[in-house]
Amino acid sequence: MENKKAYTGIDIFRLIAAILVIANHTSPLLDYTASGNFVLTSVFARLAVPFFFMTQGFFLIRDVERDNGKLVTYVKKSALIYGVAIIICLPLQIYKGDFSVRPLLPSILKNIFFNGTLYHLWYLPASIIGGIIAWYLVRKFGYKIAFAVSVPLYAFGLLGNSYYGITRAVPFLKNLFDEVFIIMDSTQNGIFFAPLFIVLGAFMYSKKRKMPKRIISAIGFCLTLTALVAEGLILHGKDFQRHDSMYILLPTVSFFLFSFLMTFRGKRLRSARDISLIVYLIHPLFIVAVRFASGFVGLDKLFVDNEAVMFITVTALSFIASIVILFIFGKLVKKTAVSKTQRSWIELDTAALRNNVNEFRRIMQDGCKLLAIVKDEGYGHGAFEITKELQSIGVDAYGVATVDEGIEIRKFGIKGLILILGYTDPTRAKDIKKYDLTQAVFDVDYAEELNSQGKKIKIHIAIDSGMHRIGIPASDIEAVESVYSFKNLSVEGVFSHLCVSDSKNEDDIEYTNNQIAAFNALIETLEEKGLPVKVKHIQASYGLLNYPDIKCSYARMGISLYGADSELGYKSNVDVSLSPVMSIRTKIIQLRTYQQGETVGYGRAFRAERESRIAVLPIGYGDGIPRNLSGKASVLVCGKRAPMIGRICMDQLMIDVTDIDGVKVGDIATVIGSDGDERITAEEVADMSGTITNEIFSRLGRRLDII
Ligand SMILES: *Cc1c(COP(=O)(O)O)cnc(C)c1O
């Protein structure tokens, strides 16, 4: 369920980096300020390529142990792109006279492997060679050795780049580099330049949970960038530079920039990557084309002599062309088309989620706010997708079951109260504090242990008003009072939980009313004693839907937030219109006809009583479809019900589509949700499986993608 928690910050910066590269090649400020232009093109713009290398490490080298094939795929793909780019740029090369150099073959080889056949294309061989080096270093020797090798390589490269001034002064180095420069024109390449950044990117992925916070990264970036500008200006002033792409501070600045970008998580911007790559590859063509065209129509003054206009024109043309190219190749895929590439997936209806929140807001008492329960991956809907959507509509209180769930959603950037409803080992107090979480405290011993960790943390006291699960008994005022006295525990709220608020049975209603009364009495006593109760809450879904008059600070909505009832055919006391948020869909991967008497699947549990058309769906109990639905439930295909037949397997199940016309491989099958006029509800599935909707949701497997 991880697929949507993409690194949006990194995606966005890909576009900025592409613009920086164009700046580097057009010198937009040259007419206005020479040193300003130097800072922009030879310092700021120099962040672009290291960023691209780090991105490569971040996405490619990560999990090296697990995916051997990734490198081969990457090298093949990059080589293909490089090949295409070489062909596209061939006319320019001929025009520049690259083929009149003698001896020709060494020059061609040198260009192909190190310099790029056209000046900016060096990036592609560098990313292939650097990628291979970084991959093997990390894989065979681990990060320590990988750094121990790539840092000296980079340092050596510095001496042939920005620090050439030193090399020039030392005859031995000078001779050495003269040799190096015969083989490769510059040290900006796949051996000296790329590996360090690729290793660094991969390392940052492997330590992604330990990266500095956004604010620290931002400050670090600003400080080191300032120092980098100074480094650049000094070296430039001393005329040290043979080339200006490598600096001592560049890896540090890149580190902070990258860790800053890593903190922005959100939607994957699929096309950002493609657009930035295409812009990178084609912009030199536009530089030449604009020069040529403006000379032709007599506008050289405007375009060629004014570098800023040139920069803007080339940027605009490159982006427009990239988008057009992508469009032509159909890469700007619509969201619905994504499903075509999935196996089985969960579809979220965010409008339904917003509707449900608005319905709660309508029925809640004044002063009561929604505390969205997002435990267990937001009841299987995806904690990320759900919390992000809720945050965008102003929900500022969330409930989770564990400290790690709390940390996870805090890291998504969720603000406000995050209440851990369940047990947290007291030694994790430091995490509770670090991520500003709030812990439910359910007895005095636990409070004492938590307090003894010496970390000042926020808590809500859990009161047992009659459920008899966790909580301090509502009658035990002394115990509750004593929790207030722990100096490291700041009591931010008091809450309880109802155990039969869904029941319409008179006994149960009385029981619930007694629970509410006991809770209220306790709150009153605490207030009389001068112990502050900043917030109080007792309602979960059925607490609000059946007892909407209770005056509380929060309603802790779980199952009904997702537009479901725990049980089939349930009707609550208030009139609310909640809509289901989740659909589960899969697609037909095989269709076969079996003759009467033939059997299908494990245990030969299905026997065809007539000639039968049987479809296979790639979804099973491993994905959370209960095995005991075998032979009972249906799915929707072409808007009609198709019964599941035989035994549900871990990864597959079979359906009978004999009575549905026009079914073909690739057709979508709906396990939960609607198709045409038909709908299969989660309640119905739960009922057939002999459980409640909550359990069906929470058992959904991690293999289902969320779209
Ligand atoms: C899970 C949970 C809820 C949410 O319950 P629903 O019935 O799904 O709304 C509320 N409060 C506590 C303490 C919970 O553990």
Side-chain angles (χ1 to χ4, degrees), residues 353 356-357 359-361 363-364 368-381 383 386-387 390 395 397-403 405-406 409 417-424 437-443 446 459-472 474 492-503 508 512 515-516 519 535-548 550 552-568 570-574 576 578 580-582 682-683 686 691-700:
L353 184 66
N356 300 344
V357 171
E359 283 293 279
F360 300 147
R361 286 176 174 161
I363 61 173
M364 283 186 304
C368 181
K369 293 206 291 184
L370 170 64
L371 193 155
I373 304 292
V374 294
K375 60 192 182 193
D376 201 8
E377 282 292 340
Y379 286 47
H381 290 63
I386 296 296
T387 52
L390 291 175
V395 174
Y398 299 84
V400 294
T402 73
V403 63
E405 287 180 350
I409 68 168
L417 169 66
I418 298 178
L419 177 60
I420 306 166
L421 299 160
Y423 171 78
T424 301
L437 307 175
T438 302
Q439 175 61 44
V441 165
F442 50 84
D443 76 20
Y446 180 67
I459 63 160
H460 281 196
I461 303 177
I463 302 297
D464 177 9
S465 58
M467 176 157 179
H468 302 334
R469 183 175 63 179
I470 56 169
I472 300 173
E492 303 287 317
V494 179
F495 75 102
S496 187
H497 197 46
L498 303 170
C499 55
V500 276
S501 57
D502 56 329
S503 171
D508 290 338
T512 302
Q515 277 195 277
I516 298 165
F519 179 65
V535 299
K536 56 174 184 170
H537 43 106
I538 189 167
Q539 296 146 298
S541 289
Y542 292 110
L544 178 68
L545 299 182
N546 288 331
Y547 301 84
I550 305 175
C552 272
S553 325
Y554 288 116
R556 301 187 305 265
M557 306 305 276
I559 191 68
S560 49
L561 178 64
Y562 305 99
D565 276 312
S566 291
E567 288 173 46
L568 184 63
Y570 189 83
K571 191 107 194 66
S572 66
N573 289 354
V574 283
V576 278
L578 302 174
V581 176
M582 175 192 289
E683 289 84 348
T691 182
I692 55 172
T693 330
N694 314 42
E695 186 184 348
I696 298 288
F697 285 157
S698 87
R699 282 171 174 263
L700 292 175

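Both ligands and their constituent atoms are indexed starting at 1 by order of listing.
- With rounding to the nearest 0.5 angstrom, the OG1 atom of T512 is 11.5 Å from the CE atom of M467.
- Close N/O approach between I373 and ligand 1 is not found [any backbone or side-chain N/O within under 3.5 Å].
- Of all protein heavy atoms, the one closest to atom 4 (C) of ligand 1 is Y379 OH, 3.4 Å.
- A side-chain contact (heavy atoms from CB on, under 4.5 Å) with Y562 holds for exactly one of M582, M557, H381; it is H381.
- For atom 14 (C) of ligand 1, the closest heavy atom belonging to the protein is K375 NZ, 3.0 Å.
- Counting only heavy atoms of the protein, atom 11 (N) of ligand 1 lies nearest to R556 NE, 2.8 Å.
- If you run side-chain contact (heavy atoms from CB on, under 4.5 Å) between I373 and each of L421, V400, I559, L561, only L421 comes through.
- In terms of polar-atom proximity, defined here as any N/O pair under 3.5 Å, S560 makes no such contact with ligand 1.
- Ranking the protein heavy atoms by distance from atom 9 (O) of ligand 1 puts S541 OG, 2.5 Å first.
- Ligand 1 is never approached by Y542 to a heavy-atom distance shorter than 4.0 Å.
- Using a 3.5 Å distance cut-off with no hydrogens or angles, the side chains of Q439 and T424 do pair a donor with an acceptor.
- The protein heavy-atom contact nearest to atom 12 (C) of ligand 1 is H497 CE1, 3.5 Å.
- In the vicinity of I559, heavy-atom distances shorter than 4.0 Å reach the ligand 1 atoms 6 (P), 8 (O), 9 (O).
- Between I470 and D443, every side-chain heavy-atom pair lies at or beyond the 4.5 Å cut-off.
- Looking at D376 and F697, their side chains never come closer than 4.5 Å, going by heavy atoms from C-beta outward.
- Geometrically, ligand 1 and G558 share a nitrogen or oxygen pair separated by less than 3.5 Å.
- For Y554 and F495, the distance between ring centers is not under 6.0 angstrom.
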